[in-house]
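Structure first, then comments.
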Amino acid sequence: PQGRFATIFNDVTEIKRLSAEREGNLRFLEALLDTIPNPIFHKDSEGRYQGCNHAFADTIIGLPRDQIVGKTMPELPNEIPPDLARVYHQADLDLMLDGGVQAYEAEVRCSDDVRRQFAFSKACFKNSSGEVAGIVGVMLDITDRRSAEAALWASRQSFNSIVENSADLIITVNNNGRIQTFNRGAEQRLGYERDEVIGRRAEILFECVRELVAVEDAERRRRRARAGVALDDLAKPLRGARPVGRVLVVVTRRGAEQP
């Protein structure tokens, strides 16, 4: 007897259309991420890189993207030093355990072998079942900002040291007329402890300062008029584009009689 055959046709047009659409969306997302200057990466729940942008591949790792995808941090020991990888891995574990968004700062060895300070902002993403599927992270180089903050702190420390150890009376007052700084010279010559006057209005010192200035002879006061700031100038703002307070400097002759 002759055999019988059955032919089954499946229309895959819709499947191909969806596949092409998905591929187009992935290419668009990849191009979009590459336009962002901050390093961006994402990993699966096992810590394997699933993707990254050009800034991460070039600036941080120093490898082509296809040599990063599918690797874990321990599998990239030459690009991610083990001491730093342990820090990042622990942060990943904490994030997957706690969920939500995670932000922290850590050192990063960049592809040029220079270690720089970065701020990390990471979050978990979930699959269709609602389970944690991995982590996405964005990095921001804050090295220059940290250097500027350190320089500013050192400058402030230097200024505070000069003010505190000056033999002259140096008092700073904010725009509300309240005393902010009261140096050791002011304590010694006016008889107030700084804790007594900080935060109080400057008017409480007017009479003391007037009495102290009165012991100066007229010639010395004229000679100092332009070098220091007279009591009547207390209301004048500090020079600068944006006034933030006022300063009173009273210079007295060494050995002058104390009030």
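All values below were derived from every heavy atom in this structure, side-chain atoms included, with hydrogens, water molecules and symmetry-related copies excluded.
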Q) In the hydrophobic clustering that connects Ile, Leu, Val, Met, Phe, Trp and Tyr at side-chain heavy-atom distances below 4.5 Å, which members other than Val132 occupy its cluster, ordered by chain and number? A) Leu93, Leu95, Met96, Ile135

Q | Heavy atoms of other groups near Arg200 CZ, more than 12 under 6.0 Å | A | no

**Q.** Residue list, salt bridge (charged side-chain N to carboxylate O under 4.0 Å, His left out) with Glu149, at least two apart or on another chain
**A.** Arg145, Arg146

Q: Determine whether Leu84 and Arg109 make a side-chain contact, defined as any pair of heavy atoms from C-beta on separated by less than 4.5 Å.
A: yes

Q.
For a quick check under 3.5 Å, do Asn183 and Glu187 share a side-chain donor-acceptor pair by atom type?
A. no

Q. In Å, rounded to the nearest 0.5 Å, how long is the span from SG of Cys52 to CD1 of Ile60?
A. 10.5 Å

Q: Identify the heavy atoms of Lys43 and Gly47 that sit nearest to each other, and give their distance.
A: CD-O, 3.9 Å

Q: Return the minimal non-hydrogen interatomic distance between Gln102 and Asp94, and the atom names on each side.
A: NE2-CB, 4.1 Å

Q. Tell me the salt bridge (charged side-chain N to carboxylate O under 4.0 Å, His left out) pairs involving residues 119-136, sequence neighbours left out?
A. Asp92-Lys122

(Q) To the nearest 0.5 Å, what is the distance between CD1 on Ile36 and CG on Asn53? (A) 7.0 Å

(Q) Is it the case that the side chain of Ser147 and the backbone of Thr143 share a donor-acceptor pair, with hydrogens and angles ignored and the cut-off at 3.5 Å? (A) yes

Q) Which heavy atom of Gly177 sits nearest a heavy atom of Val173, and at what distance? A) C-CG1, 3.2 Å

Q) How close do Ile198 and Gln180 get, heavy atom to heavy atom, and via which atoms? A) CD1-O, 3.3 Å

**Q.** Heavy-atom side-chain contact between Thr181 and Ile171 under 4.5 Å
**A.** no

Q: Just jot down the side-chain contact (heavy atoms from CB on, under 4.5 Å) partners of Ile162, sequence neighbours excluded, or say none.
A: Ser158

Q. Which atom names give the shortest non-hydrogen contact between Ile142 and Glu105, and what distance separates them?
A. CD1-CD, 3.5 Å

Q: Keeping the roles fixed (side chain from Asn176, backbone from Arg178), state whether a donor-acceptor pair exists under 3.5 Å.
A: no

Q) Can you list the residues that meet the salt bridge (charged side-chain N to carboxylate O under 4.0 Å, His left out) rule with Asp58, with sequence neighbours excluded? A) none

Q | Partner residues of Glu107 under the salt bridge (charged side-chain N to carboxylate O under 4.0 Å, His left out) criterion, sequence neighbours left out | A | Arg115

Q. Is there a donor-acceptor pair under 3.5 Å between the side chain of Ser161 and the backbone N or O of Gln157?
A. no

Q.
Tell me which one of Glu196, Glu164, Arg194, Glu193 satisfies side-chain contact (heavy atoms from CB on, under 4.5 Å) with Phe182.
A. Arg194

Q) With Arg48, which residues qualify under side-chain contact (heavy atoms from CB on, under 4.5 Å), at least two apart? A) Asp44, Glu46, Gln50, Thr72, Glu75

Q: Identify, with sequence neighbours excluded, every residue that meets side-chain contact (heavy atoms from CB on, under 4.5 Å) alongside Ser111.
A: none

Q) Would you say Arg184 and Val163 make side-chain contact, with heavy atoms under 4.5 Å? A) no

Q.
Looking at every heavy atom in both Gly99 and Cys124, which two are closest together, and how far apart are they?
A. CA-SG, 4.4 Å

Q.
Listing request: all ring-ring contact (aromatic ring centres under 6.0 Å, His included) pairs with a residue in residues 51-77, at least two apart in sequence or in separate chains.
A. Phe41-Phe56, Tyr49-Phe56

Q: Could you tell me whether the side chain of Ile40 reaches within less than 4.5 Å of the side chain of Met139, counting heavy atoms only?
A: no

(Q) Applying side-chain contact (heavy atoms from CB on, under 4.5 Å), can you list everything that pairs with Asp112, at least two apart in sequence or on another chain? (A) Cys110, Val114

(Q) Under the ring-ring contact (aromatic ring centres under 6.0 Å, His included) definition, can you give me all pairs with a residue in residues 71-109, not counting sequence neighbours? (A) Tyr88-Phe120, Tyr104-Phe120

Q.
So does Val138 get a backbone contact from the side chain of Asn38, meaning a donor-acceptor N/O pair under 3.5 Å?
A. no

Q. Got a sec, which pairs hit ring-ring contact (aromatic ring centres under 6.0 Å, His included) with one end in residues 153-172, sequence neighbours left out?
A. none

(Q) Is there a path of hydrophobic side-chain contacts, each under 4.5 Å between heavy atoms, that joins Met73 and Val136? (A) no

(Q) So that I can tick it off, tell me whether Arg65 and Asp34 are bridged by a salt bridge, with the cut-off set at under 4.0 angstrom between side-chain N and carboxylate O. (A) yes

